[in-house]
*Asks:* 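Mind having a look at this structure? Questions to follow.
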Amino acid sequence: MEETACFLNLTIHGKKPIVLVGAMRVYNALNAGGPVNLCNAVVAASAHESKGRGVLVAMNDVVLGGERDVIKTHTTGI
């Protein structure tokens with residue numbers, strides 16, 4: 001996802017935010033990440049502060065900037 005976010009950030013130039021959503025925990029776990037990350041992505045995409053920030057990534061209960069902030073270093077962390 002980090003490579004996709006970086007690529008999109010370099011190739012798409014606009015003011016509308018693009019939010020990629022990912023999840024590491026399985027969908028049927030008590031703390032499944034998908035629903036929370038999707039909700040965070042919708043909130044981020046609709047926020048006025050997200051305009052002009054480029055590609056964002058919603059994963060692990062946080063929203064990060066896609067240009068430099070997204071680096072996957074471990075399967076249980078961000």
Side-chain angles (χ1 to χ4, degrees):
M1 185 172 307
E2 62 190 275
E3 290 89 358
T4 302
C6 184
F7 173 77
L8 291 173
N9 229 354
L10 293 172
T11 57
I12 297 176
H13 305 287
K15 295 187 179 192
K16 292 182 182 180
I18 298 172
V19 186
L20 302 179
V21 181
M24 292 291 295
R25 297 182 296 269
V26 296
Y27 73 94
N28 58 353
L30 290 176
N31 61 347
V36 172
N37 295 334
L38 185 57
C39 181
N40 288 341
V42 170
V43 170
S46 62
H48 180 70
E49 296 81 20
S50 295
K51 289 183 181 177
R53 288 196 58 210
V55 178
L56 304 171
V57 175
M59 190 165 187
N60 201 23
D61 302 339
V62 295
V63 178
L64 301 169
E67 187 174 336
R68 291 172 266 197
D69 297 338
V70 180
I71 299 173
K72 187 65 178 170
T73 58
H74 195 275
T75 58
T76 59
I78 56 171

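All values derive from a computational prediction rather than experimental measurement.
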*Asks:* As an exercise, state the distance from NZ of Lys51 to CZ of Arg53, rounded to the nearest 0.5 Å.
*Replies:*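 If we round to the nearest 0.5 Å, Lys51:NZ and Arg53:CZ are 14.0 Å apart.
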*Asks:* For Ala58, does its backbone N or O pair with a side-chain atom of Asn40 as donor and acceptor, under 3.5 Å?
*Replies:*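 Absent.
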*Asks:* Out of curiosity, does Met1 fall in the hydrophobic cluster containing Leu8 (side-chain heavy atoms, cut-off under 4.5 Å, transitive links)?
*Replies:*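 Leu8 clusters together with Met1.
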*Asks:* With no hydrogens and no angle check, is any side-chain donor or acceptor of Asn9 less than 3.5 Å from a backbone partner on Gly54?
*Replies:*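 Absent.
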*Asks:* How would you list all residue pairs meeting salt bridge (charged side-chain N to carboxylate O under 4.0 Å, His left out) that involve residues 26-40, not counting sequence neighbours?
*Replies:*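 Non-adjacent pairs meeting salt bridge (charged side-chain N to carboxylate O under 4.0 Å, His left out): zero.
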*Asks:* Hey, any chance Val57 and Phe7 share a hydrophobic cluster, counting ILVMFWY side chains that come within less than 4.5 Å of each other, even indirectly?
*Replies:*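 Yes, it is one cluster - the side chains of Val57 and Phe7 are joined through contacts under 4.5 Å.
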*Asks:* Between Leu38 and Leu64, is there a shared hydrophobic cluster once you connect ILVMFWY residues whose side-chain heavy atoms come closer than 4.5 Å?
*Replies:*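 No, it is not one cluster - the side chains of Leu38 and Leu64 are not joined through contacts under 4.5 Å.
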*Asks:* Within this structure, what is the NZ-CD1 distance for the pair Lys16 and Ile12, rounded to the nearest 0.5 Å?
*Replies:*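 Taking NZ in Lys16 and CD1 in Ile12, the distance rounds to 12.0 Å.
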*Asks:* To the nearest 0.5 Å, tell me how far Met59 CE sits from Glu2 CD.
*Replies:*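 Rounded to the nearest 0.5 Å, the CE-CD separation comes to 10.0 Å.
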*Asks:* Could you pull out every donor-acceptor pair under 3.5 Å between side chains of residues 17-34 and any protein atom, sequence neighbours left out?
*Replies:*
| residue | atom | partner | partner atom | Å |
| --- | --- | --- | --- | --- |
| Arg25 | NE | Asn31 | O | 2.4 |
| Arg25 | NH1 | Asn60 | OD1 | 3.4 |
| Arg25 | NH2 | Asn31 | O | 3.3 |

*Asks:* Is it true that Val62 and Val55 fall in one hydrophobic cluster, defined by side-chain heavy atoms closer than 4.5 Å?
*Replies:*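 Yes, because Val62 and Val55 connect within a single hydrophobic cluster, where side-chain heavy atoms sit under 4.5 Å apart.
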